[in-house]
Engineer: 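I'd like to ask you about the structure that follows.
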Amino acid sequence: MTSGRLLVPVSESVALRNTVAYAVRHVVESKAAEGAVHFVYPYSPQMVTGMDTSGVDELLERVEVWADDDLGDDAGAVDVQTAVIGAGEYLFSPGDYADVLAEYGEREDLETVVLDPEFSPSGTTPLLPPLEAELERAGFEVLEAPVERPTRRARLVRGGNVGQFLLVAALSFGFYLLIGGSLSTFDLVTGGLSGVIVATVLWRVCFSGPVRPGRLLKRIGRMSVYTFYLVWEIVIANLQIAYVVLHPRLPIDPKMVEFDAAVWSEIPVTTLANSITLTPGTLTVDVDSQSFTVHSLTAGARDDLFSGGLERAVRFVFYGRAAARIPSPRERGEEGSDDGGAES
Amino acid sequence: MTLLTTALFAATAAFVALSVVIVYRIVRGPTMQDRVIAVNAVGTNTVVVIALIGAATDDPGVLDIALVYALLNFLMSIAISKFTVERGGVM
Amino acid sequence: MVTITEGAVVALLAGGVFFGLVAAVGLLRLPDLYTRTHAASKTDTLGAGLTLAAVAVVYDAGLPTVKAGLLLVFLLITNPTAAHAIARAAADQGIEPWTAEDGGDEQ
Amino acid sequence: MSNGNDENGDENLGERLYVESPIIMATVRVVAPFVLTFGLFIMFHGADSSGGGFQGGVIVSTVVLMVAIAFGIEPTRDWVDPTTIVAVMGIGVSVFLLIGMGSVALGGRFLEYHAYPVYHASKYGIELVELAIGVIVASVVVGLFFAIAAGVSHGDDAEPAESEGLL
C-alpha cells in the first residue's frame with residue numbers, strides 16, 4: 001500500500017535534493033485523490049547547528065521550489081506544504097524527534113514518513129536507525145529515500161576499423177619512446193609491445209568514429225594554431241580574474257547563462273567546454289548535446305562568451321575555415337536566454 | 001646554492017604555504033563540493049611542488065611521480081563528483 | 001651576472017607563485033562554490049603552468065623538459081574537466097549560485 | 001535549477017535522470033591511451049629506474065577505474081568482463097611462479113636468476129618478474145573495484161538491509 005500523503009522531515013543534507021525528488025514522485029505515482037507532501041523542519045533553539053530561523057526558512061523555501069520543479073504539470077494535484085515544528089521544545093534524543101513528528105503527522109492526517117538517508121538535524125549524531133524504529137512504533141509507514149538514481153548511459157565501445165587500431169598503436173609507441181627518451185633495442189621492443197597492448201585494449205574506446213588520416217592531420221595542424229590563441233586568452237583571463245579577486249570590493253556579478261553552441265559531436269564540444277572553463281570568468285557547468293550551461297563571473301565575461309571568439313576558433317579547428325564564419329551566438333539571437341539568477 | 005636552486009626552493013616554500021592557506025577552505029566547507037575543489041587545488045599545488053623539488057635537487061625521475069600524482073588528483077575529483085551525483089548525494 | 005635562463009626561470013616562477021596566490025585568495029574570499037571554482041580551475045592552472053614552464057627551462061631542453069611539458073598538457077586537459085565535474089555535481093544537487101543581489105558577506 | 005535533466009520529466013514524473021557528463025567521457029577517451037602507455041612504461045622499466053611492477057600495475061588499473069567513473073560501472077564491467085580479469089590474474093601468478101620455480105628446477109633457489117643459462121639472466125629475470133607483479137596488481141585492483149562496486153549498488157531485488165551492511 002502506498003499512501004499519497006507524506007511527511008518529510010528535512011535538514012541541511014547533501015542528499016536533500018534527491019529526497020525531495022523521491023517524495024514528490026512517490027506522491028504523484030500513488031495517484032491519490034488528495035496527494036500531499038509536508039516538508040517539516042524539526043527546529044529546536046538549543047540545537048548546535050549554527051543555523052538561525054532565517055536559515056531554516058530559506059531551506060524550506062528552497063525545498064518548496066524544488067518540489068514545484070519536480071511536480072511540473074502535476075502541480076495542481078499535490079498539496080505541498082512546509083512547516084517548522086518543535087520550536088520551543090527541547091529536542092535531543094531520537095524519541096523527541098519522533099514525538100514531534102508523530103504529533104504533526106496525526107494533526108495533518110499523514111501516514112507515511114519519507115526519511116532522507118542523510119537526515120541529521122542534530123549535527124553528527126547517527127539518528128536515523130533509532131528514529132526509524134521510533135516512528136514505526138508510533139504507527140507510521142517509514143520509507144527511506146533511495147540513493148541510487150536511474151541513469152542513462154552513453155556507449156563505451158564503438159565500432160572501429162584497422163586504421164584506428166594502427167593509429168592507437170602508433171600513438172602509444174611514439175609516446176612510449178618520447179617518455180623513455182631512448183632508442184635502445186629494449187625500448188623499441190617493449191614500446192612496440194605496449195603499443196600492441198594499448199591498441200588491443202582501447203582501440204574501440206578512443207575514437208568516436210572511423211579515422212580519416214588527412215582530416216586528422218589538418219585538425220592537428222589547426223589545433224596547434226588554436227593552442228597559441230588559447231594560451232593568450234588564458235593569460236588575459238587570468239589577469240582579469242587576478243584583478244577581480246584582489247580588488248578590495250570584489251567586483252563580481254556572477255550569473256548562470258545558457259546558450260546553444262554551433263558545434264557538434266563529442267570532442268569539439270569538450271574542447272569548447274574546457275576552453276570556456278579556462279578562459280575569461282566562465283565555467284562550463286553542464287552540457288546537454290549542444291546546450292551549454294555556463295557560470296560567468298562578471299558581465300564582461302558574458303560579453304566575451306556571446307561574441308563567440310572561442311566558439312569560432314573551435315569550429316575552425318574541427319571543421320575548417322568555412323565553418324568559422326557561422327554567426328556568433330549574439331548574432332544568432334542566443335543572448336538573453338539567461339537562466340535563473342538576477343536580472344541584468 | 002646558486003640563484004636557480006634558491007629561486008626554486010623559494011617557489012616551493014611559497015606553494016606549500018599557499019596549500020596550507022587553502023586547507024582553511026577544506027576545513028570550513030561549507031558544502032562537500034567546496035572541499036573537493038579545495039582538495040583539487042591543493043593537489044595541483046602538490047604536483048607543482050614535487051616538480052619543483054625535482055628541479056631543485058636535479059632529480060628528473062621525480063617528474064614521473066608528479067605525473068602519477070596529477071593523474072590521481074584528476075581521478076579523485078571526477079570520482080567524488082560522479083558518485084555523489086549518481087547516489088543522490090550519499091557517498 | 002644573471003644569465004638569460006636564470007632570468008626566465010625567476011620570472012616564470014614569480015608569475016606562477018603570483019597566480020597561485022590569486023587562486024588561494026580567490027578560494028578564501030569568493031562568496032560561493034561556483035565562483036571559487038573559477039579561481040581554482042583557471043588561476044591555479046596558470047600558476048601551475050608557469051611554474052612547470054620554469055621547471056622545463058631549468059632542465060635545459062633534455063628529456064625532463066619533455067616530461068614537464070607533458071605534465072603541463074595533462075594539467076591543462078584535466079583541470080577544467082575536474083572543475084566541470086565538481087560544478088556539475090553541485091548544480092545537480094541544487095546548490096544555487098550566489099548573485100550580486102544576495103550581497104552581504106555570507107561565508 | 002539548471003541541470004538539463006528535467007526535460008524528460010514527462011516520462012518519469014519528476015524522477016531525476018542521471019546522465020553521464022559528455023565532457024568527462026571525452027576527456028577520458030583522450031587521456032586513457034597515454035595513461036595506459038605510461039603505466040606499461042613504468043612496468044617495463046622496473047629494473048633500472050624509479051618505476052616498478054607495483055607502481056605500473058596501479059597506473060594501468062587507474063585506466064579502468066577512470067573509464068568506469070566516466071562511463072558508468074555497468075558498461076565497463078561488460079567491456080572488461082570479470083572472467084578476463086581473473087584469467088589475467090592467473091597468467092600473472094603463473095608467470096611469476098614459473099620463473100621462480102624454473103630456477104629451482106635448474107638447481108638454484110627460488111627466484112635465483114643466475115641459475116638460468118642466459119646472458120644477462122638477472123636483468124631479464126627481474127624484468128619478467130616485475131611484469132608479472134604489475135599484471136597481478138593491476139588485475140587485483142580492478143577486480144576489487146568491481147567487487148566493491150557490486151556490493152554497494154542496489155540490485156533490483158536486493159535487500160536494502162544487506163546493502164546497508166556493506167556500506
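Proteins come first, then strands; the chains are lettered A, B, ... in the order of their sequence lines, and each starts at number 1. Below, all heavy atoms of this structure are taken into account, side chains as well, without hydrogens, waters or symmetry copies. Keep in mind it's a predicted model, so treat the numbers as computed, not measured.
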Engineer: Hey, mind stepping through C:Thr45 and B:Thr44 against side-chain contact (heavy atoms from CB on, under 4.5 Å) and telling me if it holds?
Structural biologist: CA-CA 8 Å; C:Thr45 307; B:Thr44 310; 6.0 Å; no
Engineer: Quick one: what part of C:Val17 sits under 4.5 Å from any heavy atom of chain B, side chain, backbone, both or neither?
Structural biologist: both
Engineer: Can you list the steps and then say if C:Ile86 with B:Ile80 is a side-chain contact (heavy atoms from CB on, under 4.5 Å)?
Structural biologist: CA-CA 8 Å; C:Ile86 295 163; B:Ile80 295 184; over 6 Å; no
Engineer: Select one option (side chain, backbone, both, neither) describing which atoms of C:Leu33 are under 4.5 Å from chain B's heavy atoms.
Structural biologist: both
Engineer: Enter the distance from B:Gln33:CD to C:Arg88:CZ here, rounded to the nearest 0.5 Å.
Structural biologist: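 Atom-to-atom, B:Gln33:CD and C:Arg88:CZ are 12.5 Å apart.
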Engineer: Closest approach of C:Ala82 and B:Ser77, non-hydrogen atoms and distance?
Structural biologist: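 Taking every non-hydrogen atom into account, CB-CB, 3.6 Å.
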Engineer: Within the 4.5 Å heavy-atom criterion, are C:Leu21 and B:Leu18 side-chain neighbours or not?
Structural biologist: yes
Engineer: Do you know the tightest heavy-atom contact between C:Leu27 and B:Ala41?
Structural biologist: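 Scanning both residues completely, I find the closest heavy atoms to be CD1-CB, 3.7 Å.
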Engineer: Find the distance between OG1 (C:Thr5) and CG (B:Leu3) and round it off to the nearest 0.5 Å.
Structural biologist: 11.0 Å
Engineer: As a quick check of understanding, evaluate side-chain contact (heavy atoms from CB on, under 4.5 Å) for C:Ile77 and B:Phe74, giving each step before the final call.
Structural biologist: CA-CA 10 Å; C:Ile77 295 176; B:Phe74 171 61; over 6 Å; no
Engineer: By a 4.5 Å heavy-atom criterion (distance strictly below it), what part of B:Leu75 contacts chain C: side chain, backbone, both, or neither?
Structural biologist: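 Answer is neither: B:Leu75 stays 4.5 Å or more from chain C.
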Engineer: Which heavy atom in C:Ala83 sits nearest to a heavy atom in B:Ile37, and how many Å separate them?
Structural biologist: CA-CD1, 4.4 Å
Engineer: With respect to chain B, which residue among C:Thr37, C:Val10, C:Val9 yields the maximal number of heavy-atom pairs within a distance under 4.5 Å?
Structural biologist: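 When all of C:Thr37, C:Val10, C:Val9 are compared, C:Thr37 has the most.
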Engineer: Which pair of heavy atoms, one from B:Arg25 and one from C:Leu30, lies closest together, and at what distance?
Structural biologist: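 Minimum heavy-atom separation between B:Arg25 and C:Leu30: NH2-O, 4.4 Å.
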Engineer: Among B:Leu63, B:Val47, B:Ile22, B:Asp34, which residue forms the greatest number of heavy-atom pairs with chain C at distances under 4.5 Å?
Structural biologist: B:Asp34
Engineer: Side chain, backbone, both or neither: which part of C:Ala48 has a heavy atom under 4.5 Å from chain B?
Structural biologist: both
Engineer: On a heavy-atom basis, which atom in C:Leu28 and which in B:Tyr24 lie closest, and how many Å separate them?
Structural biologist: CD2-CD2, 3.5 Å
Engineer: For C:Leu75, is it the side chain, the backbone, both or neither that has a heavy atom under 4.5 Å from a heavy atom of chain B?
Structural biologist: side chain
Engineer: Can B:Leu52 and C:Leu13 be said to form a side-chain contact (heavy atoms from CB on, under 4.5 Å), step by step?
Structural biologist: CA-CA 10 Å; B:Leu52 280 172; C:Leu13 283 179; 3.7 Å; yes
Engineer: Would you check if B:Ile78 and C:Thr78 make a side-chain contact, meaning some heavy-atom pair closer than 4.5 Å?
Structural biologist: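 The answer is no; the side chains never approach within 4.5 Å.
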Engineer: Please rank B:Leu8, B:Asp58, B:Asn73 by heavy-atom pairs under 4.5 Å with chain C and give me the top one.
Structural biologist: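 Ranked by contacts with chain C, first place is B:Leu8.
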Engineer: Got C:Lys67 and B:Leu67 here, is their nearest side-chain heavy-atom distance under 4.5 Å?
Structural biologist: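 No. Closest side-chain heavy atoms not under 4.5 Å.
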Engineer: Please identify, among C:Ala24, C:Ala23, C:Ala54, the residue contributing the most non-hydrogen atom pairs under 4.5 Å to chain B.
Structural biologist: C:Ala24
